[in-house]
Number of protein chains: 2
Amino acid sequence: MLTLEDARKALAKGSVIIFAGPCTVVYEGRATSRLGVGERLVLIKKDRSILVHRPTGHEPVNWQPAGSMIDFLTENGLPVIRASNANELLKISFTAQPSLMVFDLRDTAEFEMYASEEDMKKAVLAKPSLVEPGFKPLEEERQVKRTGRVDILGLDALGRLVVVELKRKPATPEDVRQLSAYVESLNSEFGRKPRAILAAPSTTKAARREMEKTSVEFRCLTPRRCMQVLREAKGLDSYL
Amino acid sequence: MLTLEDARKALAKGSVIIFAGPCTVVYEGRATSRLGVGERLVLIKKDRSILVHRPTGHEPVNWQPAGSMIDFLTENGLPVIRASNANELLKISFTAQPSLMVFDLRDTAEFEMYASEEDMKKAVLAKPSLVEPGFKPLEEERQVKRTGRVDILGLDALGRLVVVELKRKPATPEDVRQLSAYVESLNSEFGRKPRAILAAPSTTKAARREMEKTSVEFRCLTPRRCMQVLREAKGLDSYL
DNA sequence: GCCTAGGTCCCGTTG
DNA sequence: CAACGGGGCCTAGGC
């Protein structure tokens, strides 16, 4: 039978802890929440992130991000977990003795994710015609100066400035507004409107309406196609 | 020693399952990911949501939302979990015998959250002067017709139409664009520009610039203040 | 430290 | 069903 003292030691040692049992949960911070008695799992990781999971749902019902201060207390003979940081407090009060499990997890593997918006950008830089024939991205340095608002700056076949926004999901009116706001700021800076191209697998209807109003152009581009292009480019690289 | 057959039965019965052990994870779907060998916790909930947790970090490294199809297989004498839905596949392959835990969690409690944007709206409807002296929200019916884009429609002390956008966090340029897009659509519909008020605890600098350009007004309003007003309104209700 | 943008975001609500 | 916006979003990157 593991005790709170075991939990303290395990956490100090860098283990992962799970409590399983009936509890109530109170949270005060950016918002406030209350959760009555029910049986839940409480995960405490070695970085002192903490998750309260109900028996359903992808998302934890309550949590505290990594780096919080974790205290194990006893109130009325039952365990209480306090997880706090500068502005927030999470308090988990068990209403019966929970079971306690300790895990020593070694995990140093790298996590690799593909088909992100960043990958789409790499693909377009490797093969600019994905945007349109004759499209030429500006050199990296001039890209960087404009970073943060637009994904790719370039010139079209006629030498006109083009701002390209990439989306891995169907484009929304929000995406269109973001792009046309950027066009406007370039316009007032240089006195000339650049072309704007929104490259995404599709658009919502409202986005399409917004595009017509603001003369943002749509170019169909899927993450899948971009990954193909990246594979081909890589294959070519290793061949050469 | 629990077996995969036990896991199948537990899941069918509505229990929550945790596997703990070394595994690799492959995901194919909206994106693609690869995770090499490492020791992790795999939670499978009764709604067949599934979470793969590494020893650090609030977020699961891989997952599948509720309702996926879960298969427990054996490959080379070791357990494999396949969690799939129409378009996505998550495959967890253990590289050594994992431990298996089963939990029967009863949890029917209601989760209550306060200080949401919705609560801010309630507070303003209870005490419209939170927006400005003389502000009068339109009746609920005329609100509803306009729902989905703007939080509150009302009239100011001079009878002018006012659209109010509430935010519980510092207002961003995106928030300003959203509001002014709405103002524009009302303008082209009625031929007259309504006033626009963004009520939030603060604004980012870029948002402030965007507000000046588009004549969106700022009103400082915190979730905390709104909760006070709601408590007072409630207290008054129970007194009357 | 603030601020911005992405995410397999998830999730609820509405048309 | 798509679509739209909130969230204690979290997290990574820039400045």
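Naming: A, B, ... by sequence-line order, numbering from 1 per chain. Given the structure is predicted, the values throughout are model-derived calculations rather than measurements.
One can place CE of A/M113 at 12 Å from C1' of D/dT11, the figure rounded to the nearest angstrom. At whole-Å resolution of the value, CZ in B/R30 and P in C/dC9 are 5 Å apart. Distance, B/D175 CG to D/dG6 P: 7 Å, rounded to whole Å. In this structure, A/L90 atom CG and D/dG8 atom C1' are separated by 10 Å, rounded to whole Å. The distance between atom CD of A/E112 and atom C1' of D/dA12, rounded to the nearest whole Å, is 17 Å. Atom CD of A/E118 is separated from atom C1' of D/dT11 by 15 Å (rounded to the nearest Å). Atom P of nucleotide C/dT14 and atom CG of B/D151 are separated by 14 Å, given to the nearest angstrom.
Contact annotation: B/W63 side-chain N/O to C/dC9 OP1/OP2 distance is not under 4.0 Å. In this model, the phosphate group of D/dC4 is approached by a side-chain N or O of A/T204 to a distance below 4.0 Å at OP1 or OP2. At least one side-chain nitrogen or oxygen of A/K167 sits closer than 4.0 Å to the OP1 or OP2 atom of C/dG6. Put simply, B/S116 has no side-chain N or O that comes within less than 4.0 Å of OP1 or OP2 on D/dG8. In this structure, A/R168 reaches the C/dC9 phosphate: one of its side-chain N or O atoms is under 4.0 Å from OP1 or OP2. Between C/dT8 and A/K169, no contact under 4.0 Å exists linking OP1 or OP2 to a side-chain N or O.
No hydrogens or angles considered: nothing links the side chains of B/R231 and B/Q228 as a donor-acceptor pair under 3.5 Å.
At a threshold of 4.0 Å, the pair A/R34-A/E28 counts as salt-bridged, since one of the basic side-chain nitrogens sits closer than that to a carboxylate oxygen.
A donor-acceptor pair is defined here as one N or O able to donate and one able to accept, closer than 3.5 Å; no such pair exists between the side chain of A/R208 and the backbone of A/T203.
In this structure, of C/dT8, D/dG8, C/dG6, it is C/dT8 that holds the atom nearest to the side chain of B/E88.
Using cut-offs of 30° and 60° for the angle between ring planes, the A/F19 and A/F94 rings count as tilted.
In this structure, B/A66 and B/V61 both approach DNA chain C, and ranking their closest nucleotides by distance from the 5' end singles out B/V61.
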